[in-house]
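What follows is a single structure, written as structure tokens, with notes after it.
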2 protein chains.
Amino acid sequence: MTTRPGIEATGPLIEAIAAAGERVTLPRRAVARLVAARDGHFTAAQLIDDAGAAGEPIGRATIFRALDLFATLGLVERLDLPDGNHAFVACEPVHHHHAICTRCGRSTDIADGALSDVLTAIGRQAGFRVTAHRLEVFGLCADCGVAGS
Amino acid sequence: MTTRPGIEATGPLIEAIAAAGERVTLPRRAVARLVAARDGHFTAAQLIDDAGAAGEPIGRATIFRALDLFATLGLVERLDLPDGNHAFVACEPVHHHHAICTRCGRSTDIADGALSDVLTAIGRQAGFRVTAHRLEVFGLCADCGVAGS
DNA sequence: GTAGATGCAAAACCTTTGCATTTTG
DNA sequence: CAAAATGCAAAGGTTTTGCATCTAC
């Protein structure tokens with residue numbers, strides 16, 4: 001390999017950052033890696049812990065800023081847990097929602113499917129022009145639903 | 001009027017509190033009044049301001065506690081704005097959702113309608129047993145949609 | 001080389017909590 | 001009268017901010 005960087009630890013997140021014309025910095029790479037390593041949703045605090053555990057010397061502020069950037073770019077979504085805490089989930093840049101398992105905490109992507117249409121119809125009835133919606137589904141995932149007593 | 005209280009400033013909220021066997025205190029009445037006076041959604045901070053403006057000598061803690069009680073009783077719902085802030089809306093104790101106008105901030109109740117079914121179906125596809133869902137719809141209400149340029 | 005990102009630590013924020021006092025039922 | 005709610009103020013945790021320094025482009 002030549003001295004040209006960018007070919008090394010490149011992932012979808014990093015590519016998206018570069019594509020958006022944002023600077024690809026070491027800390028951002030690290031955060032992207034940590035996010036990618038996460039399975040379900042995670043709080044900022046958890047990511048900060050992860051960073052510490054992974055030996056990444058990243059400041060809390062930087063993590064918040066990176067998460068904020070990712071959210072702006074649509075690479076992660078901010079969501080709110082039933083207990084009132086904020087969390088994030090990595091996500092594909094296509095519109096969809098998350099089904100969060102109340103047992104194991106993992107989140108499964110669910111397609112928007114017929115939802116948009118249903119919403120538009122419901123909105124129309126109420127004289128409402130729907131421009132955006134946010135859905136959070138809670139329940140038991142396949143594993144927990146079966147395993148659960 | 002006799003000395004029998006309860007007939008005075010009684011509202012739906014107060015009645016529900018009494019019906020639930022919770023104590024009907026002056027501060028709770030005040031908070032109920034403030035909530036009823038609100039049209040759309042409101043944050044705890046706003047209610048606290050309202051209280052101050054209305055000359056109600058209620059402590060912040062009490063407002064948070066009252067709001068919490070109301071939420072537990074299903075008289076108000078906690079919701080999360082796109083900007084990550086928490087808010088509340090007064091609501092009927094039947095399952096439904098809120099359509100929040102991004103222009104005037106008012107919220108319109110929308111029936112759950114076919115949503116539950118759609119969700120159950122979607123969830124089934126993903127092997128997910130849906131036990132709860134939370135939907136927040138954003139857009140323009142009838143007034144703003146028409147008036148809007 | 002320059003605009004932008006980082007780190008640190010302090011500040012700001014919102015929400016909860018403890019305890020003596022007051023109120024409700 | 002006893003149990004529960006209130007108020008105050010301080011604690012708690014989370015997120016943001018300022019500024020000097022460093023890095024990516």
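Chain naming here is simple, since letters A, B, ... match the order of the sequence lines and numbering starts at 1 in each.
The two atoms that bring L34(A) and D50(A) nearest to each other are CD2-CB, 4.0 Å, heavy atoms only. The two residues R28(B) and I14(B) make their nearest non-hydrogen contact at O-CD1, 4.3 Å. Across all their heavy atoms, I17(A) and R23(A) have their closest contact at CG2-O, 3.9 Å. Nearest heavy-atom pair, V76(A) versus L67(A), reported as atom, atom and distance to 0.1 Å: CG2-O, 4.0 Å. For the pair F42(A) and V89(A), the tightest heavy-atom approach, listed with the atom from each and the gap, is CE2-CA, 4.3 Å.
No donor-acceptor pair under 3.5 Å is formed between the side chain of T62(A) and the backbone N or O of I58(A).
When the side-chain nitrogen and oxygen atoms of T25(B) are compared with OP1 and OP2 of dT6(D), one or more of them lie within a distance under 4.0 Å.
Map F88(B) and E22(A) each onto its nearest nucleotide of DNA chain C; the residue landing nearer the 5' end is E22(A). With DNA chain C read from its 5' end, the first of the two nearest nucleotides for R23(B) and R65(B) is the one closest to R65(B). Checking G59(B) against I48(A), the closest nucleotide of DNA chain D that is more toward the 5' end is the one next to G59(B).
Taking CZ of R60(B) as the reference point, atom CG of D49(B) lies at 10.0 Å (rounded to 0.5 Å). We find the CZ-NE2 distance between F88(A) and H41(A) to be 12.0 Å, quoted to the nearest 0.5 Å.
In this structure, of dT15(D), dT17(D), dA9(D), it is dT15(D) that holds the atom nearest to the side chain of F64(A).
One atom, CG of L67(A), and another, C1' of dT16(D), lie 14 Å apart when rounded to the nearest Å. Residue H86(B) contributes atom NE2, which lies 11 Å from atom C1' of dT14(D) at whole-angstrom precision.
Under the 6.0 Å cut-off for aromatic ring centres, H86(A) and H86(B) qualify, their centroids lying closer than that.
Nucleotides of DNA chain C lying under 4.0 Å from heavy atoms of chain B occupy a range whose first and last members, 5' to 3', are dT15(C) to dG25(C).
The residue R28(B) sits close only to the backbone: its heavy atoms come under 4.0 Å of sugar-phosphate atoms, none of a base. If you check every strand for non-hydrogen atoms under 4.0 Å, A44(B) touches sugar and phosphate atoms only.
Taking the screw axis at each terminus of the helix from dG1(C)-dC25(D) to dG25(C)-dC1(D) from five consecutive base pairs, the angle between the two is 50° to within rounding of 10 degrees.
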